[in-house]
Amino acid sequence: MSSTKSGTAASSSAPAATGRETLTIIDNRNGRQYEVPIKHDTIRAIDLRQMKVHESDFGMMSYDPAFTNTASCISKITFIDGDKGILRYRGYSIEELAEKSTYLETAYLILHGELPNEAQLKEWTYHVTHHTFIHESIKKFLDGFHYDAHPMGMLISTVAALSTFYPDAKDIFNPESRRKQTYRLLGKMPTLAAFAYRHSLGMPFIYPDNDLSYCGNFLNMLFRTTELQYHPNPTLERALDVLFILHADHEQNCSSTAMRGVGSSHVDPYSATAAATAALYGPLHGGANEQVLRMLVEIGSVNNVAAYIKRVKAGEKLLMGFGHRVYKNYDPRAKIVKRIAYEVFDVLGRNPLIDIALECERIALEDDYFVSRRLYPNVDFYTGLIYQAMGFPMTMFPVLFAIPRTSGWIAQWQEMLLDSEQKIARPRQIYLGHDLRSYIPPDRRG
Ligand code: CMC
């Protein structure tokens with residue numbers, strides 16, 4: 001594998017290459033030299049521990065807040081090249097999957113490593129479809145929420161509550177149990193999400209319709225009113241399905257890291273999924289599409305964009321939906337989302353906020369502040385516009401991210417469980433607090 005990492009470039013006076021796959025480190029505190037192995041352009045942090053000044057020292061650690069340059073796992077699920085704007089699931093490009101696949105087929109691919117054959121896809125679809133109902137007690141549980149409760153809060157709580165209905169989920173090293181919980185999680189997430197939405201409207205819950213597709217049924221549970229059978233608009237059904245494909249996994253992002261970290265304690269997958277959903281709720285992660293819409297509404301008109309960008313550059317605001325920890329190029333998902341936006345607008349009418357978004361993008365892509373920091377639109381920049389056109393309130397936007405990401409979370413969780421190198425997640429710290437001191441009673445504290 002060739003290195004794509006940046007660092008201090010080798011100068012012409014650098015020593016000749018030895019061809020050894022090792023890194024030589026000289027500890028200038030004591031002049032000792034160490035040679036540590038390099039594999040996949042990476043050294044193991046634990047190899048630093050041998051570097052000590054005194055025998056009683058703990059040994060050298062690496063310090064990496066927010067894990068900006070630390071790999072915590074070996075994964076075979078998703079590949080991203082942030083510089084080139086490449087995203088692949090199990091080797092298949094996101095562009096090809098968005099064009100040819102369906103969400104359920106992509107979820108199978110992400111979870112199993114290979115695309116299903118016809119029989120496997122049929123069986124997989126059958127099982128996910130036949131695990132969409134939720135226990136009636138969950139409905140009572142939902143009724144306890146205030147009418148304006150945020151649906152993400154409801155989703156986090158209800159997915160965690162599923163663990164109490166399925167105690168067999170604790171058997172995490174049993175492949176049969178994991179398979180069952182996978183069907184249940186994929187099947188029930190849209191139901192929980194739709195019920196949370198209907199609760200906020202004070203509308204009766206609509207039960208799943210097994211004759212519809214994954215997304216068709218989701219639209220049914222959200223929007224059906226008096227009709228005997230709900231017939232989703234095929235363009236909108238397909239648009240949602242493609243958006244679900246785009247959101248299915250994104251390697252070691254904040255919520256997948258939460259899933260792996262919490263799952264590493266060997267808790268059941270519902271509890272771990274609740275933790276991942278909570279991580280996704282944040283405005284810097286899955287909550288960003290909601291924030292993009294709020295920002296576009298706040299900007300209000302194309303004429304106000306330049307003034308808003310000025311405030312962003314002054315550090316007063318973030319241009320929501322821009323920038324990414326990994327992508328230093330146009331997010332490949334954002335390109336596809338932009339195309340889908342126009343397909344949806346053809347059916348439902350143009351969302352007027354698109355003009356403000358386009359103007360933000362136009363100015364930002366020409367402005368040195370954004371260019372020099374390599375800030376480009378991410379997946380969230382245009383999704384909110386589509387969701388709003390489809391009739392979703394802003395609070396549902398992160399929920400629409402959480403449903404498809406569940407397949408990625410389960411795949412990451414399973415990969416972590418089956419990796420013999422993984423243990424309970426437990427980072428180190430650099431303690432810079434007080435040294436030992438004596439307790440002073442309150443009346444003698446100055
Ligand atoms: N608007 C204005 N400036 C920005 C933005 C932005 N959206 N994003 C980054 N910057 C600036 C940042 O202030 C910093 O400037 P300086 O070097 O002068 O201090 C520089 O760019 C580097 O940013 P960073 O915060 O160090 O980058 P990060 O990798 O820690 O953060 C991010 C990545 C996505 C959290 C951040 O770009 C951001 O807050 N974006 C807005 C929120 C957003 O759209 N989130 C959705 C991410 S995609 C969906 C997902 O994966 O969940």
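In listed order, ligands and their atoms are each counted from 1. Positions are given from 1 along the sequence.
Regarding atom 12 (C) of ligand 1, its nearest protein heavy-atom neighbour is Y369 OH, 4.4 Å. In this structure, atom 50 (C) of ligand 1 lies nearest to the protein heavy atom H285 ND1, 3.5 Å. In this structure, the protein non-hydrogen atom closest to atom 49 (C) of ligand 1 is D380 OD2, 3.1 Å. Protein heavy atom at the shortest distance from atom 9 (C) of ligand 1 is L375 CD2, 3.5 Å. The protein atom (non-hydrogen) at minimum distance from atom 38 (C) of ligand 1 is F322 O, 4.1 Å. At the shortest separation from atom 51 (O) of ligand 1 among protein heavy atoms lies H324 NE2, 3.6 Å. Summary of contacts: the protein heavy atom closest to atom 34 (C) of ligand 1 is G323 O, 3.7 Å.
Shown here, atom 1 (N) of ligand 1 is in close reach of the protein: a heavy atom of it lies under 4.0 Å off. Using a 4.0 Å threshold on non-hydrogen atoms, atom 22 (C) of ligand 1 does not count as touching the protein. Shown here, atom 46 (C) of ligand 1 is in close reach of the protein: a heavy atom of it lies under 4.0 Å off. Protein non-hydrogen atoms do not reach within 4.0 Å of atom 19 (O) of ligand 1. Inside a 4.0 Å radius of atom 16 (P) of ligand 1 there is at least one protein heavy atom. Using a 4.0 Å threshold on non-hydrogen atoms, atom 40 (N) of ligand 1 counts as touching the protein. The nearest protein heavy atom to atom 26 (O) of ligand 1 is not closer than 4.0 Å.
With respect to the salt-bridge test (charged N to carboxylate O, under 4.0 angstrom), the residues D209 and R224 do not qualify. The pair E298-K317 meets the salt-bridge criterion, since a charged nitrogen lies less than 4.0 angstrom from a carboxylate oxygen. At a threshold of 4.0 Å, the pair K310-E316 does not count as salt-bridged, since none of the basic side-chain nitrogens sits closer than that to a carboxylate oxygen.
Between R350 and Y342 there is a side-chain heavy-atom pair separated by less than 4.5 Å. The side-chain heavy atoms of P37 and D47, taken from C-beta on, include a pair separated by under 4.5 Å. Inter-residue side-chain proximity for S264 and Q422 is flagged as unmet; no heavy-atom pair is nearer than 4.5 Å.
Below 30°, between 30° and 60°, or above 60°: for H199 and F145 the angle between ring planes is above 60°, a perpendicular geometry. Between F244 and Y103, the ring planes are perpendicular. Angles over 60° get that label, and only those under 30° would be called parallel.
Taking the ring centre of Y369 as origin, the terminal cationic atom of R373 falls inside the region bounded by 6.0 Å and 45° from the ring axis.
Remark: aromatic rings of F223 and F392 are close, center separation under 6.0 Å.
Around CZ of R426, the count of heavy atoms belonging to other residues, nucleotides or ligands within 6.0 Å does not exceed 12.
Nearest-heavy-atom check against atom 7 (N) of ligand 1 across L319, L318, N378 picks out L319. In this structure, of A288, A364, P398, the residue bringing a heavy atom nearest to atom 43 (C) of ligand 1 is A288.
Close N/O approach between R373 and ligand 1 is found [any backbone or side-chain N/O within under 3.5 Å].
Within the 4.0 Å heavy-atom criterion, neither part of V292 lies near ligand 1.
The atoms of ligand 1 that sit less than 4.0 Å from any heavy atom of R325 are 28 (P), 29 (O), 30 (O), 33 (C). Distances below 4.0 Å separate heavy atoms of L284 from the following atoms of ligand 1: 39 (O), 45 (N), 46 (C), 47 (C). Within ligand 1, the atoms closer than 4.0 Å to a non-hydrogen atom of G321 are 43 (C), 44 (O), numbered from 1 in the order shown. For ligand 1 and M320, the ligand atoms under 4.0 Å from any heavy atom of the residue are 42 (C).
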Q: Please report the C-alpha distance between T102 and D241 in whole Å, then the side-chain angles of each, then the deciding distance to 0.1 Å, and finally whether the side-chain hydrogen bond (donor to acceptor under 3.5 Å, both in side chains) criterion is met.
A: CA-CA 6 Å; T102 61; D241 205 49; 4.7 Å; no
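Side chain to side chain, Q50 and Y34 fail the donor-acceptor criterion of an N or O pair below 3.5 Å.
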